[in-house]
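Take a look at this one; I'll ask things after.
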Amino acid sequence: MKIAVYPGSFDPITNGHLNIIERTTKIVDKLIVAVAVDSKKSTLFSAQERTDMIKEATKDLENVKVLSFSGLLTDFVRKNKANIIIRGMRAISDFEHESQLALMNKRLAPEIETIFMVTCSTYSYLNSSIVKEIASLNGNISQLVPEIVEKKLNTLFFNKKA
Ligand code: ADP
């Protein structure tokens with residue numbers, strides 16, 4: 001059984017993440033989207049909120065499970081009996097950091113493979129920070145994020161301005 005883990009901060013999930021999730025579900029038996037609780041980045045949304053938004057956005061995908069995790073990713077992968085880590089690759093600028101992570105994870109857990117999914121061109125410019133910035137400036141983000149995220153961000157920034 002092929003069980004993969006797709007880790008990230010997902011602050012919040014975007015259509016770029018969702019595209020990777022949808023494509024991955026077609027090549028594995030089960031995909032665990034793993035929301036990092038103690039992300040190095042300071043997050044706008046709590047781990048619970050980030051998890052709930054992903055659950056809502058992926059509710060129609062049968063083989064997706066959403067969990068949060070803290071501690072070493074490789075420990076989490078092993079605990080969940082998975083053997084694949086999925087990461088998204090947008091541009092060559094992602095390569096250095098991502099390959100460093102993948103090599104370190106390989107050293108920590110040689111039985112786990114990291115697989116990179118190249119983003120589809122529509123979302124290659126997209127990341128969570130840009131989405132937050134556009135939303136905070138009242139821009140339209142409906143093509144960039146799932147509906148639940150659009151609602152959450154608009155409410156948040158509307159209330160901040162009020
Ligand atoms: P992290 O803080 O671990 O980088 P992110 O939530 O920013 O977490 O991203 C999680 C994963 O999703 C990373 O592998 C990242 O490269 C990938 N990713 C982010 N945005 C996109 C996108 N627009 N298209 C494809 N992959 C993406």
Side-chain angles (χ1 to χ4, degrees), residues 1-91 94-95 97-102 104-106 108-109 111-120 122-132 135 141-153 156:
M1 176 128 138
K2 287 202 270 303
I3 304 177
V5 170
Y6 179 34
S9 340
F10 304 106
D11 185 45
I13 183 169
T14 68
N15 286 347
H17 295 127
L18 205 53
N19 176 263
I20 299 285
I21 293 171
E22 281 166 357
R23 286 160 57 208
T24 305
T25 57
K26 296 184 186 136
I27 56 171
V28 300
D29 299 300
K30 183 174 155 189
L31 176 64
I32 301 169
V33 182
V35 179
V37 173
D38 36 30
S39 165
K40 271 187 290 179
K41 306 170 184 171
S42 67
T43 57
L44 179 64
F45 293 107
S46 68
Q48 186 65 53
E49 289 174 307
R50 287 179 275 143
T51 306
D52 289 346
M53 284 187 272
I54 304 174
K55 278 189 182 159
E56 174 62 27
T58 59
K59 63 176 192 286
D60 294 332
L61 298 169
E62 275 173 17
N63 54 347
V64 172
K65 197 172 170 186
V66 189
L67 296 174
S68 59
F69 80 102
S70 51
L72 265 188
L73 174 63
T74 44
D75 288 344
F76 175 83
V77 174
R78 280 179 171 153
K79 204 176 78 196
N80 284 282
K81 309 216 169 342
N83 46 11
I84 302 167
I85 295 171
I86 298 289
R87 293 290 284 175
M89 188 71 82
R90 277 161 296 190
D94 279 340
F95 182 80
H97 177 63
E98 290 294 339
S99 60
Q100 198 180 23
L101 281 180
M104 185 47 78
N105 285 333
K106 191 77 189 160
L108 292 168
E111 78 282 12
I112 300 170
E113 292 296 343
T114 298
I115 297 183
F116 293 107
M117 298 285 284
V118 175
T119 182
C120 71
T122 332
Y123 302 124
S124 59
Y125 60 88
L126 188 56
N127 63 43
S128 303
S129 308
I130 285 184
V131 166
K132 285 181 278 191
I141 52 167
S142 62
Q143 307 291 306
L144 310 178
V145 292
E147 215 180 312
I148 179 74
V149 176
E150 185 188 4
K151 275 193 200 143
K152 269 262 193 190
L153 278 171
L156 190 88

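This one's a predicted model, so the numbers in the text were calculated from it and none came from an experiment.
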Practice task
Check whether any side-chain heavy atom of Arg78 sits under 4.5 Å from a side-chain heavy atom of Ile112, and report yes or no.
Solution key: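 Yes, side chains in contact.
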Exercise for the section: State, yes or no, whether a side-chain contact exists between Tyr6 and Ile20 at a heavy-atom distance under 4.5 Å. Expected result: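 Result yes, sub-4.5 Å side-chain heavy-atom pair found.
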Problem - Lys30 vs Lys2 side-chain heavy atoms within contact, under 4.5 Å - result: no
Handout entry: Test applied, side-chain contact (heavy atoms from CB on, under 4.5 Å); reference residue, Leu31; option that passes from Ile21, Leu61, Val5
Key = Ile21
Exercise for the section: Find the distance between CG (Asn63) and OG1 (Thr25) and round it off to the nearest 0.5 Å. Expected result: 5.0 Å
Handout entry: Side-chain heavy atoms of Phe69 within contact of Asn80, under 4.5 Å
Key =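 Sidechains of Asn80 and Phe69: no contact.
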Exercise for the section: For His17 and Thr14, indicate whether the former's side chain and the latter's backbone hold a donor-acceptor pair under 3.5 Å. Expected result: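 Confirmed, His17 side chain pairs with Thr14 backbone.
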Problem - Close side-chain approach of Thr43 and Phe10, heavy atoms under 4.5 Å - result: no
Exercise for the section: Spell out, as yes or no, whether a donor-acceptor pair under 3.5 Å connects the side chain of Lys132 to the backbone of Asp11. Expected result: yes
Exercise for the section: Count the heavy atoms belonging to other residues, nucleotides or ligands that lie under 6.0 Å from CD of Glu111, then report whether that count exceeds 12. Expected result: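 Above 12, so yes.
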Problem - Least distance between heavy atoms, Val33 atom then Val64 atom - result: CG2-CG1, 3.9 Å
Problem - Evaluation steps, side chain to side chain contact (heavy atoms under 4.5 Å, CB included), between Phe116 and Asp94 - result: CA-CA 11 Å; Phe116 293 107; Asp94 279 340; over 6 Å; no
Handout entry: Main-chain N/O of Val118 paired with Arg23 side-chain donor or acceptor, under 3.5 Å
Key =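 Between the backbone of Val118 and the side chain of Arg23 there is a qualifying donor-acceptor contact (under 3.5 Å).
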Handout entry: Interatomic spacing from CD1 in Ile115 to CD1 in Ile86 - rounded to 0.5 Å
Key = 5.0 Å
Practice task
Would you give the length of the straight line joining atom CD1 of Ile32 to atom CD1 of Ile85, rounded to the nearest 0.5 angstrom?
Solution key: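 Reported value, rounded in 0.5 Å steps: 11.5 Å.
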Handout entry: Heavy-atom closest pair, residues Ile148 and Met53
Key = CG2-O, 3.7 Å
Exercise for the section: Could you pull out the closest heavy-atom pair between Val28 and Ile84, with the gap in Å? Expected result: CG1-CD1, 4.4 Å
Handout entry: side chain to side chain contact (heavy atoms under 4.5 Å, CB included) between Tyr125 and Thr119, intermediate numbers included
Key = CA-CA 9 Å; Tyr125 60 88; Thr119 182; over 6 Å; no
Practice task
Would you confirm whether Asp29, through its side chain, and Ile3, through its main-chain N or O, come within 3.5 Å as a donor-acceptor pair?
Solution key: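 Judged by distance alone, no pair lies under 3.5 Å.
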Problem - Between NZ on residue Lys151 and CG on residue Leu156, distance to nearest 0.5 Å - result: 15.5 Å
Handout entry: Closest approach of Met117 to Thr24 (non-hydrogen atoms, all atoms of both residues)
Key = CE-OG1, 3.8 Å
Exercise for the section: May I ask you to test the Phe45-Leu153 pair for a side-chain heavy-atom distance under 4.5 Å? Expected result: yes
Handout entry: Flag side-chain contact, heavy atom, 4.5 Å: Thr122 against Asn19
Key = no
Problem - Flag if over 12 foreign heavy atoms under 6.0 Å of CZ, Phe95 - result: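 Atom CZ in Phe95 is not packed in, count stays at 12 or less.
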Problem - Smallest separation among heavy atoms of Ser128 and Pro12, with atom names - result: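 Smallest heavy-atom distance, with atoms named: OG-O, 2.9 Å.
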Problem - Heavy-atom neighbours of Lys65 NZ exceed 12 at 6.0 Å - result: no
Handout entry: Heavy-atom side-chain contact between Thr58 and Leu18 under 4.5 Å
Key = yes
Practice task
Find the distance between OG (Ser46) and CG (Asp52) and round it off to the nearest 0.5 Å.
Solution key: 7.5 Å
Handout entry: Gap separating the CZ atom of Arg87 from the OG atom of Ser99, nearest 0.5 angstrom
Key =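 Answer rounded to 0.5 Å: 11.5 Å.
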Completion exercise
Scanning both residues in full, the closest heavy-atom pair of Val35 with Arg50 reads CG1-NH1, 3.7 Å
Exercise for the section: Could you tell me whether a side-chain N or O of Asp38 sits under 3.5 Å from a main-chain N or O of Ser70, the two making a donor and an acceptor? Expected result: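 No: the side chain of Asp38 does not pair with the backbone of Ser70.
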